[in-house]
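All values reported here derive from a predicted model rather than from experimental measurement. Whatever order the structure lists them in is the order used to number ligands and atoms, beginning at 1.
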Amino acid sequence: MICKRHYSIKILVADELAGLFAPERRTGTMNVREGGVEVVVPEQDGDSITDDVFFNPVQELNRDLTVAVLRTYRDREPRAESYLDAMAASGIRGVRAAENGWNVTCADIDPDAVDLCRENFERNDLPGDVVHRNANALMHESVFDIVDIDPFGTPIPFADAAFANTRDLVCVTATDTAPLCGAHFHSGVRKYSAVPRNTDYHAEVGVRILLSALARTAARYDTGVTPILTHATSHYVRTYLELDHRATDANDAVDELGHIYHCEDCLHREYEHGLIANPPETCPACGGNCVLTAGPVWLGATHDAEFVAEVRDNVTEDMGRAKRANKLLDSLSGELHEPTHYDQHRLCKEWTRSASGMDEFLERLRDAGHEASRAHYGGTTFKTPASVEEIRIATET
Ligand SMILES: C[S@@+](CC[C@H](N)C(=O)[O-])C[C@H]1O[C@@H](n2cnc3c(N)ncnc32)[C@H](O)[C@@H]1O
């Protein structure tokens, strides 16, 4: 009996303690822990969001990588201090940046988002300026070392303002993958002033259409961009562009633009630098007349392998998506800079041949003297400068 009473007293004490330390929770909201911070966000009910302020748990990987990039960038550019989360919503990204020592400003056009964002800085006892502003006005009026653009859909309406004043780094998310990849062709043409094509490597077309539009926008401000990390992940593209502010840097970036000529019959593709397209009338590989032109696209490197490897060192255990982030960064750091990737399964279907393990497949390519790497676009994707025919011969069993 005595034991029982002691037991019940213990439970009571434990409940009280839990009550004391449990995070405060309002109706219609939930508490989310990411990295070392905890924020309040609107309650998520499956896919439907029960409040106006935006929060997407799926973007945790994107935010984990942002934090790892910010940590890495501090070593690369120790002078950089200020970070603008230009479309903050709940402020989760900005709060995480502040936790990592950045001098953070968060902006949102939605007053409810601004209130929630302020509350989240206070909850975490972190400093941060939270402003109710149109991001475009703010970016034109103020100068930041790093600016982060994370809008609904296309980032293009914010690109001019971002490149007009930012000192060092512009981080961009684009979630309008259908226009970018050519699945919504006319919308892609309108938004990106380029011709996207829905090919087997459509996600990479999206990456290169986005980078092309951003490079051309930056060039208007005599600013050159260098993509130091870019990834296409499920429903979005994310890129981090380092800036150089001389007209010659802008010219160098424009020199990275060009066109992809893609044969729909035999999957042959080739690339040509320059702003004027000059596509072959027939496919140089099979003679067919189904050659598609995409562009102007960014034909240059979409990441800096050394930087990506350093970012991997800055992914930490407290990140909810650390495993996925590391896998992605490992794949990216080894990825060749060829402008398009292949998919082994797609090629094997074309050749009516069964697929083999990726390691074995790539080894055969290398044994035949071709450079080859995996690509981050999917488990069976790879890059090589070899042509479709060279790949076929090299990997024949
Ligand atoms: C996709 S959410 C941002 C998500 C947030 N960065 C995160 O990581 O959770 C886009 C936000 O941009 C805000 N927004 C839209 N247009 C804006 C503008 N012109 N200026 C500032 N904020 C804007 C919306 O109110 C919304 O909160």
Side-chain angles (χ1 to χ4, degrees), residues 29-35 37-44 47-70 83-100 102 104-121 123-124 126 128-142 144 146-166 169-177 191 210 231 233-240 319-321 325:
T29 67
M30 60 183 209
N31 293 49
V32 168
R33 177 161 278 282
E34 278 192 17
V37 307
E38 185 170 278
V39 296
V40 179
V41 300
E43 203 154 38
Q44 313 282 296
D47 279 345
S48 74
I49 296 168
T50 54
D51 198 83
D52 278 338
V53 180
F54 179 89
F55 175 73
N56 186 355
V58 174
Q59 291 278 13
E60 185 174 4
L61 172 70
N62 184 338
R63 291 186 288 267
D64 283 352
L65 287 168
T66 302
V67 169
V69 165
L70 290 177
Y83 169 84
L84 171 66
D85 182 355
M87 284 118 210
S90 68
I92 187 162
R93 201 178 294 255
V95 171
R96 292 187 65 183
E99 194 219 355
N100 280 273
W102 288 86
V104 175
T105 302
C106 280
D108 206 289
I109 204 161
D110 170 6
D112 291 338
V114 172
D115 287 346
L116 188 61
C117 191
R118 279 204 184 111
E119 181 182 336
N120 282 327
F121 273 93
R123 280 182 155 257
N124 288 280
L126 286 166
D129 249 357
V130 182
V131 292
H132 179 212
R133 289 299 306 278
N134 185 320
N136 277 329
L138 181 64
M139 289 187 287
H140 274 297
E141 285 170 5
S142 313
F144 298 93
I146 301 186
V147 159
D148 202 318
I149 307 289
D150 183 26
F152 297 127
T154 178
I156 291 303
F158 303 98
D160 272 275
F163 291 118
N165 274 332
T166 308
L169 190 70
V170 171
C171 323
V172 179
T173 305
T175 55
D176 59 331
T177 48
K191 299 216 163 63
L210 174 67
H231 59 102
T233 305
S234 51
H235 67 288
Y236 66 93
V237 176
R238 175 79 167 164
T239 187
Y240 299 84
M319 294 179 173
R321 297 289 178 270

Check: [Y] main-chain N/O paired with [X] side-chain donor or acceptor under 3.5 Å:
X	Y	result
Arg118	Val130	yes
Asp150	Ala86	no
Asp110	Val53	no

**Shortest protein contact, atom 2 (S) of ligand 1 (heavy atom only)** =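 Checked against all protein heavy atoms, atom 2 (S) of ligand 1 sits closest to Phe54 CD2, 3.5 Å.
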**Asked** Among all protein non-hydrogen atoms, which one is nearest to atom 19 (N) of ligand 1, and what is the separation to 0.1 Å?
**Response**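 Going atom by atom, the protein heavy atom closest to atom 19 (N) of ligand 1 ends up being Asn134 OD1, 3.2 Å.
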**ligand 1 N/O within reach of Asn56 N/O, cut-off under 3.5 Å** = no
**Prompt:** Can you find an N/O atom of Asp150 closer than 3.5 Å to an N/O atom of ligand 1?
**Reply:** yes
Number the atoms of ligand 1 from 1 as they appear, then name those within less than 4.0 Å of a heavy atom of [X], with their elements.
X	result
Asp110	25 (O)
Ala88	5 (C)
Phe158	18 (C), 19 (N)
Ile92	9 (O)

Between atom [atom1] of [X] and atom [atom2] of [Y], what is the distance when rounded to the nearest 0.5 Å?
X	Y	atom1	atom2	value
Cys117	Ile92	SG	CD1	10.5 Å
Leu126	Asn120	CG	CG	10.5 Å
Leu138	His132	CG	NE2	12.0 Å
Asp85	Phe144	CG	CZ	10.5 Å

Just to be sure I'm reading this right: ignoring hydrogens, which of [options] gets closest to [atom]? Compare them by their nearest heavy atoms.
atom	options	result
atom 12 (O) of ligand 1	Met87, Arg133, Arg93, His132	Met87
atom 13 (C) of ligand 1	Ile149, Val41, Asp108	Asp108
atom 9 (O) of ligand 1	Gln59, Glu34, Arg63	Arg63
atom 21 (C) of ligand 1	Ala135, Ala161, Gly94, Cys106	Ala135

Heavy atoms only, cut-off 4.0 Å: how does [X] contact ligand 1, side chain, backbone, both, or neither?
X	value
Ile109	both
Ala86	backbone
Phe55	neither

**Prompt:** Do the non-hydrogen side-chain atoms of Met87 and Phe158 ever get within less than 4.5 Å of each other?
**Reply:** yes
**Request:** Decide yes or no for Asn100 and Leu70: does some side-chain heavy atom of the first lie under 4.5 Å from some side-chain heavy atom of the second?
**Result:** no
**Asked** Any luck finding a side-chain donor-acceptor pair between Arg96 and Thr66 under 3.5 Å?
**Response** no
